[in-house]
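Comments concern the structure below.
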2 protein chains.
Amino acid sequence: MRYHKIPDETVRRLPLYLRGLLFSSQDLQENISSRKLAEVLGVNPWQIRKDFSYFGGFGTPGVGYNVEKLTKQIKKILKLDIGHRATLVGVGNLGAAILAYPGFKIYGFDIAAVFDNNSKKIGQKIGDVTIEDVAKLPMLKGRQIDLGIIAVPRGSAQEIANILVDVGIKGILNFSPCRIDVSKKVKVITIDIAMDLARLPYYMPSS
Amino acid sequence: MRYHKIPDETVRRLPLYLRGLLFSSQDLQENISSRKLAEVLGVNPWQIRKDFSYFGGFGTPGVGYNVEKLTKQIKKILKLDIGHRATLVGVGNLGAAILAYPGFKIYGFDIAAVFDNNSKKIGQKIGDVTIEDVAKLPMLKGRQIDLGIIAVPRGSAQEIANILVDVGIKGILNFSPCRIDVSKKVKVITIDIAMDLARLPYYMPSS
DNA sequence: TAATGCTAGTGTCCACGTTCACAAGTAAAG
DNA sequence: CTTTACTTGTGAACGTGGACACTAGCATTA
Ligand SMILES: NC(=O)c1ccc[n+]([C@@H]2O[C@H](COP(=O)([O-])OP(=O)(O)OC[C@H]3O[C@@H](n4cnc5c(N)ncnc54)[C@H](O)[C@@H]3O)[C@@H](O)[C@H]2O)c1
Ligand SMILES: NC(=O)c1ccc[n+]([C@@H]2O[C@H](COP(=O)([O-])OP(=O)(O)OC[C@H]3O[C@@H](n4cnc5c(N)ncnc54)[C@H](O)[C@@H]3O)[C@@H](O)[C@H]2O)c1
C-alpha cells in the first residue's frame, strides 16, 4: 500500500461499517466478506474494499475480514478505541432524549456531565448523572471530557460553544440550527434535522 | 442559462440558504448579496451563486438578490411552496422531542398525525394532535399526508416503513440506526446521530 | 500436486462538484 | 455622460471521489 490521503467521505462511512459489524455480530460468524457486509448496509462491495485499502490490508483473500479484528481496526482509526467522555449542555426535549439514548455506548461514548440554566432542572438526577448549573460549565477542566453536545436554543449556542472551547473540548456536536464559529483546532458537526426534512419533498413526485 | 442537471449537493445546500434567509430576515433588508449571505452561513459566495445559477437568474448585478423573491424561489424548487403534512410514528423520547420542536414550521411542515403502540400513550393529546393506535396506521390514506417520520426502535422500523409506503407516503425521515428498504419511488433519508458523533474523534488531535 | 472457487487489494478511468477568474450588468456619484 | 464601485452569472480548470476490472492470494477438494 502506498501513501494515501484518506478521503473525508471514507471517514464518513467508517461509522456505518462499524455499525454493521456491531449489529450483525449476533450472527457469530468469524469472518465477513465485503459482499456480505455491503448487502447488509446497502452499499457497494468495492466501495468497502476501497475504503479499507486506504488503511492497509485488513482481510484475507478467499476468506474475507475477521470481524473482531476489523471492528478493532475501525475503532482505532476513528479513535474510538479509547472511550470518550462527553458533556451535554441543554436538557430540554432534545437533550433529554439524547441523554436517554443508549445508542452512543456501542461507540464507546459516555455522557459524563450535563448542564442547564433552568433552576428547576439543576440538581435533578437522570440515570446516573446530575444536571449541573451551566454557570459552572467553565470549571469543567480536568474532568477528562473531550466532547461537547449542544442542545440549547439557537441564541445561546455560540456562547456555550465558546465556553466549551475554553475548557478544552476538542469536538462539538451541535443540534442548534445555526453556524458555530470556533478555533480551527476544534471540530464542529452540526445536525439540523429540519434541514434534512426540508430536502425530502424535492425528491418526491409532485402529487 | 442552459439546461443543467441539478447536483445533489446543491439540493442539499438549498435548505441551508433558506434557513439563512428566513432567520436573517429580521434585518428587513430588501436585498442581500451572495457575499453577505455567505458570511452569515459560513460558506463561499461563489458556491451560492453557482448553485442559484442552475435555476436561472434570481439576482440583479450590483444589487444582489431580492430576499422575498429568492425565498419564494427556493421554496418552490424544494417544493416547500405547498405545505406538507407529516405523520410521526413512535412517540418515545425522540418522538416527543420532534413533536415539540417548532423548527419544522418555517419550512411549512405540519405533523398532523402521530402513532404509537403503547396503550398508555394512545389517546394522549400532545399539543393539538392525539396519539393514535399504530394498528390504525394502515388507514391513513386520504388524510393528505405525504411524509413519514420514523422514531420507533430499530427492530420495527422496516415494518413501519412498509406500512407507510402502502398508505402512499412519498418521503420518509428515519431516525432508526438501520437501513430501510423501500420502493425506489419513495425517498428515504436516514439520520443516525450516533454515527455523526462517532466520526468526531477522528478529527480531534489525540490528547 | 493441481484445479476450482471465492475474495481482497488496487490501478485506471470517469463523473461529478468546487474553485476561480472574468465578462457583463446595475446603480450611484461626479 | 463618465467614472467608480459593486454584484451577478458562468465557462473552464482543477480536484476529489466513485465505478470497475483485473491481478494475486487463500482455501478446499480432487
Ligand atoms: N426538539 C427537537 O426535536 C429538535 C430538533 C432539531 C433541533 N433542535 C434544536 O435543539 C435545541 C434544543 O431543542 P429543544 O427542543 O430541546 O429545546 P428546549 O427549549 O426544550 O430545551 C432547551 C433547554 O436548554 C436550556 N437552556 C436554555 N438556555 C441555556 C443556556 N444558556 N445554558 C444552558 N442551558 C440552557 C433550557 O433550560 C432547556 O432545558 C434547539 O436549538 C433546537 O433548535 C431540537
Ligand atoms: N433518543 C435519541 O436521542 C435517539 C437518537 C438517535 C436515534 N434514535 C432512534 O430513534 C428511535 C426511537 O428512539 P427513542 O429514544 O425515542 O426510543 P423510545 O423507546 O423512547 O421510544 C420508542 C417509541 O416507539 C414506540 N413503539 C415501539 N414499537 C412500535 C411500533 N411497532 N409501532 C409504533 N410505535 C412503536 C414505543 O411505544 C415508544 O413510545 C430508535 O430507533 C432510536 O435508535 C434515538
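Note on naming: letters A, B, ... go to the chains in the order of the sequence lines (proteins, then strands), and numbering restarts at 1 for each one.
For the pair A:Lys36 NZ and C:dA8 P, the interatomic distance rounds to 13 Å; values are reported in whole Å. In this structure, B:Phe58 atom CZ and D:dG9 atom P are separated by 8 Å, rounded to whole Å. Rounding to whole angstrom units, NZ of residue A:Lys69 and P of C:dA8 are separated by 13 Å. Nucleotide C:dA8 holds its P atom 17 Å from the CZ atom of A:Phe55, rounded to whole Å. Going from atom CZ of B:Phe52 over to atom C1' of D:dT7 covers 14 Å, rounded to whole Å. Remark: C1' of C:dA28 and CG of B:Asn31 are 15 Å apart, rounded to the nearest angstrom. In this structure, B:Glu30 atom CD and D:dT7 atom C1' are separated by 16 Å, rounded to whole Å.
Taking side-chain N and O atoms only, B:Arg35 has no distance below 4.0 Å to OP1 or OP2 of D:dC6. Within the 4.0 Å cut-off from OP1 or OP2 of C:dT10, not a single side-chain nitrogen or oxygen of A:Arg49 is found. For the pair A:Ser34 and C:dT7, the criterion of a side-chain N or O lying under 4.0 Å from OP1 or OP2 is not met.
Between the side chains of A:Tyr202 and B:Asp8, no donor N or O sits under 3.5 Å from an acceptor N or O. Between the side chains of A:Asn31 and A:Tyr65, no donor-acceptor pair is found at a separation under 3.5 Å. In summary, the side chains of B:Arg49 and B:Ser34 do present a donor paired with an acceptor at a separation below 3.5 Å, with no hydrogens or angles considered.
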Enumerate all atom pairs, one protein N or O and one N or O from nucleotides 15-19 of chain C, separated by less than 3.5 Å.
residue, atom, partner, partner atom, Å
C:dG17, OP1, B:Asp8, N, 3.4
C:dT18, OP1, B:Arg13, NH1, 2.6
C:dT18, OP2, B:Arg13, NH2, 3.0
C:dT18, OP2, B:Gln47, NE2, 3.4
C:dT18, O5', B:Gln47, OE1, 3.4

Show the distances under 3.5 angstrom between N or O atoms of the protein and N or O atoms of nucleotides 26-28 of chain D.
residue, atom, partner, partner atom, Å
D:dC26, O4', A:Pro61, O, 3.2

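Between A:Met195 and B:Leu16, the closest side-chain pair of non-hydrogen atoms falls below 4.5 Å. Residues A:Pro205 and B:Lys185 fail the side-chain proximity criterion, which asks for heavy atoms closer than 4.5 Å. The shortest distance between side-chain heavy atoms of A:Leu147 and A:Phe109 falls below 4.5 Å.
Note on ring orientation: taking the six-membered ring where Trp is involved, the planes of B:Phe58 and B:Phe52 are tilted (angle from 30° to 60°). Below 30°, between 30° and 60°, or above 60°: for B:Phe104 and B:Tyr101 the angle between ring planes is above 60°, a perpendicular geometry.
Within the structure, the side chain to side chain donor-acceptor pair (under 3.5 Å) test picks out the following pairs touching residues 78-93 of chain B (sequence neighbours left out): B:His84-B:Asp146. Here side chain to side chain donor-acceptor pair (under 3.5 Å) pairs that include residues 132-142 of chain A, with residues two or more places apart or in two chains, are A:Glu132-A:Arg143.
For DNA chain D, the stems formed by at least three consecutive Watson-Crick or G-U pairs, with both atom-pair distances below 3.5 Å, span C:1-30 with D:1-30.
For A:Thr190, the side-chain contact (heavy atoms from CB on, under 4.5 Å) test picks out A:Asn174, A:Val188, with sequence neighbours left out.
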